[in-house]
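Have a look at the structure below, then the notes.
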Amino acid sequence: MTVKTMQTAEVKDLLEKVAGFNKEGGNERVKKIVHRLMHDIFQIVEDFDVTPDEFWQAVYYVNELGQNGEAALLAPGLGMDKYLDIRLDAEDEQAGLAGGTPRTIEGPLYVAGAPKTEAFARMDDGSDENAEIMILTGQVTDEDGQPLANAVVDVWHADTKGAYSYFDQSQSEYNLRRRIVTDENGRYTARSIIPSGYGCPPEGSTQQLLNLLGRHGNRPAHIHFFVSKPGYKHLTTQINLAGDEYTYDDFAFATREELVVDANRVEDSAKSEAFGLNKPFTEVEFNVQLVSTDKPELQTRHERKRALEGEVA
Ligand code: DHB
Ligand code: FE
């Protein structure tokens, strides 16, 4: 039984009242967006003949999603973060600001205020003695390949279980999170550990929906970066390590060809000694090109609620 009611005066009038069109005050933009949003939801109910049972399941799903703190995890799983990136790329293209290292999604697990050092940082707290040592290094340049000194490379990644400090309270403060200021040659180096990929909580709300879509909730091993310097477009990006089962099958759609990086095992003991190591390690190189801009609003990361943002320098 499919009934059609969307075109009736009664429903049109209801939607206008829902969105406050007949009231003074409020926010015009919010009114218009809520009007469209509720119209489209009503239309889905009509087109798919959504039953009251199904509707209330969805309402309580949203409740649980919030209770689990997973709204910012479901969003990338549904391609929202990727879609916003596609729009930003198109805007850059239109403004003549394309080029440089490509952006990709931030993800929900950044924590502001990581320790800041010059040129080099040790990122791991040494507690995982079985982890593979990673030397992560690279150069930040402008589009002409000129080195950029004093750029801030803000790096964060997961541990060997795919878990992030702060969100995983068993890790030490700011473990695997550092800000490194590039040296006079634009170079940065970090000693850390090779991360594992991330998986959505198996019993969580995000995974529950992904299951209904026949999808997994896994990300490949990856490393996040914010790279910034006054006079240049702020860059939010990540690298995905080549060879991971999920390198090209990321549930959050963050992989870009230019951001897939080889991890190279180094067994030459002289090279280990140069880093003060007494065993082989894995080297990951990521060079970054920033695009210059005089627009201040493009030189900082966009605003969003982030852990400790505003509470630490
Ligand atoms: C997401 C992103 C991450 O970088 C991560 O480690 C986990 C989840 C996400 O976009 O949902
Ligand atoms: Fe991540």
Side-chain angles (χ1 to χ4, degrees), residues 61-62 64-66 68-89 101-112 114 123-124 131 134 136 153-171 174-179 190 192-211 213 215-227 235-242 244-256 259-261 263 284 286 301-302 304-309:
Y61 176 82
V62 172
E64 282 168 26
L65 181 71
N68 298 344
E70 285 197 27
L73 188 60
L74 181 64
L78 294 181
M80 288 301 306
D81 303 41
K82 175 66 184 177
Y83 179 60
L84 295 179
D85 276 356
I86 290 171
R87 287 181 52 81
L88 290 171
D89 283 354
T101 299
R103 63 164 55 80
T104 195
I105 73 167
E106 173 179 332
L109 304 172
Y110 178 74
V111 178
M123 295 182 68
D124 67 300
M134 172 172 75
L136 170 66
V153 181
D154 196 339
V155 188
W156 71 104
H157 67 80
D159 68 4
T160 57
K161 299 190 200 77
Y164 285 80
S165 66
Y166 183 91
F167 302 96
D168 168 13
Q169 290 285 330
S170 77
Q171 294 184 44
Y174 288 115
N175 191 36
L176 313 178
R177 301 176 183 277
R178 288 294 183 276
R179 287 178 291 173
S192 196
I193 57 173
I194 292 282
S196 289
Y198 169 94
C200 289
E203 306 304 325
S205 306
T206 303
Q207 191 58 56
Q208 191 188 336
L209 180 58
L210 292 173
N211 289 344
L213 303 176
R215 292 179 48 197
H216 66 72
N218 296 308
R219 302 212 55 215
H222 62 276
I223 300 164
H224 296 265
F225 293 81
F226 285 148
V227 186
L235 177 67
T236 299
T237 197
Q238 305 179 27
I239 51 176
N240 295 129
L241 302 186
D244 189 295
E245 176 182 0
Y246 299 107
T247 305
Y248 293 100
D249 187 21
D250 176 6
F251 100 96
F253 307 102
T255 304
R256 299 182 78 150
L259 301 173
V260 175
V261 170
V284 175
F286 182 49
R301 60 190 181 224
H302 65 258
R304 108 178 230 186
K305 193 169 167 187
R306 297 181 176 91
L308 304 184
E309 184 116 273

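Residues take their numbers from the sequence shown, with the count starting at 1. For ligands, and for the atoms within them, numbers begin at 1 and follow the listed sequence. Everything quoted here is computed from the prediction, not taken from an experiment.
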Check: D81: heavy atom below 4.0 Å from ligand 1, yes or no?
Finding: no

Checklist line | Per-atom contacts, ligand 1 versus L109 - under 4.0 Å to a heavy atom | finding: 5 (C), 6 (O), 7 (C)

Check: Counting each atom of ligand 1 from 1 as listed, which ones have a heavy atom of H222 under 4.0 Å away?
Finding: 3 (C), 4 (O), 5 (C), 6 (O)

Next item on the list: Do me a favour and list the nearest non-hydrogen protein atom to atom 2 (C) of ligand 1 with residue, atom name and distance?
Entry: R219 NH1, 3.4 Å

Next item on the list: Would you check whether Q238 has a nitrogen or oxygen atom less than 3.5 angstrom from a nitrogen or oxygen atom of ligand 1?
Entry: no

Next item on the list: Given side chain to side chain contact (heavy atoms under 4.5 Å, CB included), test T104 with T255 step by step and report yes or no.
Entry: CA-CA 8 Å; T104 195; T255 304; over 6 Å; no

Item checked: atom 1 (C) of ligand 1: nearest protein contact (heavy atom, Å) -> P108 CD, 3.3 Å

Checklist line | Presence of salt bridge, E106 and R301, under 4.0 angstrom | finding: no

Check: In ligand 1, which numbered atoms sit nearer than 4.0 Å to a non-hydrogen atom of A252?
Finding: 10 (O)

Margin query: For ligand 1 and E106, I'd like to know whether there is a polar contact (N/O to N/O, distance under 3.5 Å).
Written below: no

Notebook entry, point to check: In terms of residue, atom name and distance, what is the protein heavy atom nearest to atom 11 (O) of ligand 1?
Noted result: P76 CG, 2.9 Å

Check: Among all protein non-hydrogen atoms, which one is nearest to atom 6 (O) of ligand 1, and what is the separation to 0.1 Å?
Finding: Y164 OH, 2.9 Å

